[in-house]
Amino acid sequence: VLKRGDTSQPLFCRSRTPRASAKSRAHVRVHAGCVRAAMGRATKAAADVVPTYDRNFIMSQDAEPHASRKVEILKAHPEIKQLMGFEWRTKYMVAATVALQVGMAWATLNWSWMPYLVAIYVVGATANHSLFLAIHELSHNLGARTQSQNKLIAMVANFPICIAYSITFKPYHMDHHRYQGDNDLDTDIPTLWEGKLITTTATGYVDHCLRKALFMFCQIFAYALRPCLTKPEVVPFGCWLALNWAMVLTFDAAMVMWLGPKVLLYFLLSTFFAGSIHPTAGHFLAEHYVMEGTTETYSYYGPLNRLAYNVGYHNEHHDFPNIPWSNLPKVRQIAPEFYNDLPQCKSWTGIIFRYIFDDSISPFSRVKRAGKKA
């Protein structure tokens, strides 16, 4: 059962803000249709299922869908268990990407600003986003045999990102998997204040689009700060966190001593654009923003997965978080009847533009459940 906001009233009867005129609604739906086409979809979207001007999270009384689907898949295809384990190539891919970033930071030291920024956006941001997703993979202990080895590899991946976060990321991400949509425990969901700032207080379609565009441009800050600000008690203070900071700061200092302070600008701008309006950053939206009906997890099967440790196979990943990136496509190949008919994201770039220009999509376009309170 999925409803918007107050569960005492039916989904289609509720709207917190005044309804716009028929002409205005038609104008918005024309834009929505255009961006849906850009995303590669022509079927019903959120705007067709929920009121365009409704500004509430989608509240669910059902359990998240992945645990039950995993049981069904394993019953039908027990051979999927053979895909579980770790991927030995991950550590070498991390090392190569870190080396690429160090090489680019050195090579671009004396470049003029325009080619320098282009290099950062095209190469630096793509590489650092790949390292984000390597750390994601390693948080599931899928890059080496032991938990300690995975943590150490993740710290190496953390080097060009310039700010230590690999140890802090893990407990928040594990809660996202265990308690997907939980009002109290899943910090992947935008806060009510984000929704109010971006959507509820918007004065019209253009204002709403501009606010969403600004959010997308700066979303790395929300993604990084929201967990620590909303649930600071989850921060894993201890020796591993201290080691994470010590290693990253040592790397930063060594790079400055070798190449000068401008090298940090390359790394920091790469990190910023990696989480900004960048094709690979589309996965932040593509994974769980409700784009069709009330579906809360979407997979993307496009070519950018090659740069992103197959994180686009997101339904498969949530169903089987102990299967490494290299085997996620095999899950779909073995059990296509469970995945091929699910709504999919056709384009990470397209979904960014759809988020900005489709008035029915906002920070409220997420499924939430009553909090369990750890």
*Asks:* Fit a plane to each ring of H140 and H136, take the angle between them on a 0 to 90° scale, and name the class: parallel (under 30°), tilted (30 to 60°) or perpendicular (over 60°).
*Replies:* perpendicular
*Asks:* Shortest non-hydrogen contact from R369 to P65?
*Replies:*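 So the minimum-distance heavy-atom pair works out to NH2-CD, 4.1 Å.
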*Asks:* Keeping D186 on the side-chain end and D175 on the backbone end, is there a donor-acceptor pair under 3.5 Å?
*Replies:*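 Looks like no, no N/O pair under 3.5 Å.
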*Asks:* Among side-chain atoms of S299 and H317, is any donor-acceptor pair under 3.5 angstrom?
*Replies:*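 S299 vs H317: no donor-acceptor pair found between side chains.
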*Asks:* If you look only at distance, which donor and acceptor atoms sit under 3.5 Å apart when one is on a side chain in residues 105-112 and the other is two or more places apart or in another chain?
*Replies:*
residue: T108; atom: OG1; partner: M104; partner atom: O; Å: 2.8
residue: W111; atom: NE1; partner: A107; partner atom: O; Å: 2.9

*Asks:* Using modelled atom types only, decide if a donor and an acceptor are shared between the side chain of Y300 and the backbone of E287 within a distance under 3.5 Å.
*Replies:* no
*Asks:* Apply the test ring pair (Phe, Tyr, Trp, His ring centres under 6.0 Å) to residues F215 and F221: give CA-CA distance (whole Å), side-chain angles for both, the deciding distance (0.1 Å), then the verdict.
*Replies:* CA-CA 9 Å; F215 172 80; F221 297 113; over 10 Å; no
*Asks:* Please state whether the rings of F251 and F159 are parallel, tilted or perpendicular, taking 30° and 60° as the class boundaries.
*Replies:*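 It falls in the parallel class, under 30°.
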*Asks:* So does V311 get a backbone contact from the side chain of H314, meaning a donor-acceptor N/O pair under 3.5 Å?
*Replies:* yes
*Asks:* Answer yes if L249 and F267 sit in the same cluster of Ile, Leu, Val, Met, Phe, Trp and Tyr residues linked by side chain heavy atoms under 4.5 Å apart, and no otherwise.
*Replies:* yes
*Asks:* Check L133 against Y309 and note the closest heavy-atom contact, atom names and distance.
*Replies:*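 Scanning both residues completely, I find the closest heavy atoms to be C-CD1, 4.0 Å.
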*Asks:* Would the distance check show the side chain of E87 and the main-chain N or O of R89 forming a donor-acceptor pair, the cut-off being under 3.5 Å?
*Replies:* yes
*Asks:* Near K262 NZ, under 6.0 Å, is it more than 12 heavy atoms from other residues, nucleotides or ligands?
*Replies:* yes
*Asks:* Ignoring hydrogens and geometry beyond distance, is a side-chain donor-acceptor pair present between R69 and H66 at under 3.5 Å?
*Replies:*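 On atom types as modelled, these side chains qualify, holding a pair under 3.5 Å.
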*Asks:* Which heavy-atom pair separates S276 from Q219 by the least distance, and what is that distance?
*Replies:*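 Of all heavy-atom pairs spanning S276 and Q219, the closest is O-NE2, 3.8 Å.
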*Asks:* Within the structure provided, determine whether V331 and L83 are in side-chain contact (heavy-atom separation under 4.5 Å).
*Replies:*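 Yes, their side chains come closer than 4.5 Å.
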*Asks:* Please tell me whether T201 and R211 have a donor and an acceptor in their side chains that are separated by less than 3.5 angstrom.
*Replies:* yes
*Asks:* Would a single hydrophobic cluster contain both W258 and L100, if residues Ile, Leu, Val, Met, Phe, Trp and Tyr are joined by side-chain heavy-atom contacts under 4.5 Å?
*Replies:*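 Yes, because L100 and W258 connect within a single hydrophobic cluster, where side-chain heavy atoms sit under 4.5 Å apart.
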*Asks:* Return yes if some donor-acceptor pair links the side-chain N/O of K212 with the main-chain N/O of Y355 below 3.5 Å, else return no.
*Replies:* yes
*Asks:* side-chain contact (heavy atoms from CB on, under 4.5 Å) between N315 and Y339: does it pass, once the steps are laid out?
*Replies:* CA-CA 8 Å; N315 270 301; Y339 296 108; 4.0 Å; yes
*Asks:* Applying the 4.5 Å side-chain criterion to the ILVMFWY set and letting contacts propagate, would I120 and I220 be lumped into a single cluster?
*Replies:*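 Yes, because I120 and I220 connect within a single hydrophobic cluster, where side-chain heavy atoms sit under 4.5 Å apart.
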*Asks:* With sequence neighbours excluded, what pairs up with R332 under the salt bridge (Lys or Arg N to Asp or Glu O under 4.0 Å) test?
*Replies:* none
*Asks:* Show your working on side-chain contact (heavy atoms from CB on, under 4.5 Å) between C345 and M291 and close with a plain yes or no.
*Replies:* CA-CA 9 Å; C345 171; M291 298 288 172; over 6 Å; no
*Asks:* State whether a side-chain donor-acceptor pair under 3.5 Å links H176 with T187.
*Replies:* no
*Asks:* To the nearest 0.5 Å, what is the distance between CD on E296 and NE2 on H288?
*Replies:*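 Reported to 0.5 Å precision, the distance equals 8.0 Å.
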*Asks:* Keeping the roles fixed (side chain from E137, backbone from T90), state whether a donor-acceptor pair exists under 3.5 Å.
*Replies:*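 Not a single qualifying donor-acceptor pair exists.
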*Asks:* Look at the aromatic rings of H283 and H129 and report parallel, tilted or perpendicular, splitting at 30° and 60°.
*Replies:*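 Rings of H283 and H129: perpendicular, over 60°.
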*Asks:* When you measure from the side chain of N128 to the backbone of A274, do you find a donor-acceptor pair of N or O atoms at a distance under 3.5 Å?
*Replies:* no
*Asks:* Find out whether Y172 and C228 are in side-chain contact, i.e. whether some heavy atom of one side chain is under 4.5 Å from a heavy atom of the other.
*Replies:*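 Y172 vs C228: side chains touch.
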*Asks:* Salt bridge check, R366 against E194: does any charged N sit closer than 4.0 Å to a carboxylate O?
*Replies:* no
*Asks:* State, with a plain yes or no, whether a side-chain heavy atom of N150 is found less than 4.5 Å away from one of F86.
*Replies:* no
*Asks:* Can T297 and Q180 be counted as having a side-chain donor-acceptor contact under 3.5 angstrom?
*Replies:*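 Indeed, the side chains of T297 and Q180 share at least one donor-acceptor pair under 3.5 Å.
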*Asks:* Is there a path of hydrophobic side-chain contacts, each under 4.5 Å between heavy atoms of I/L/V/M/F/W/Y residues, joining M174 to V235?
*Replies:*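 Different clusters: V235 never reaches M174 through Ile, Leu, Val, Met, Phe, Trp or Tyr contacts under 4.5 Å.
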*Asks:* Can you tell if the side chain of K346 reaches within under 4.5 Å of the side chain of Q344, non-hydrogen atoms only?
*Replies:*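 SC-SC contact between K346 and Q344 confirmed.
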*Asks:* Please check: side-chain N/O of N322 versus main-chain N/O of M84, any donor-acceptor pairing under 3.5 Å?
*Replies:*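 Not a single qualifying donor-acceptor pair exists.
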*Asks:* When you look at CG of N340, are more than 12 heavy atoms from neighbouring residues, nucleotides or ligands closer to it than 6.0 Å?
*Replies:*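 More than 12 within 6.0 Å, yes.
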*Asks:* Rounded at 0.5 Å granularity, tell me how far CE in M216 sits from CD1 in I277.
*Replies:* 6.0 Å
*Asks:* Any donor and acceptor pair, going by atom type alone, linking the side chain of S130 with main-chain N or O of L307 inside 3.5 Å?
*Replies:*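 Such a contact is found between S130 side chain and L307 backbone.
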*Asks:* E79 side chain to Q82 main-chain N or O, any donor-acceptor pair under 3.5 Å?
*Replies:*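 Pair absent, no side-chain N/O of E79 close to backbone of Q82.
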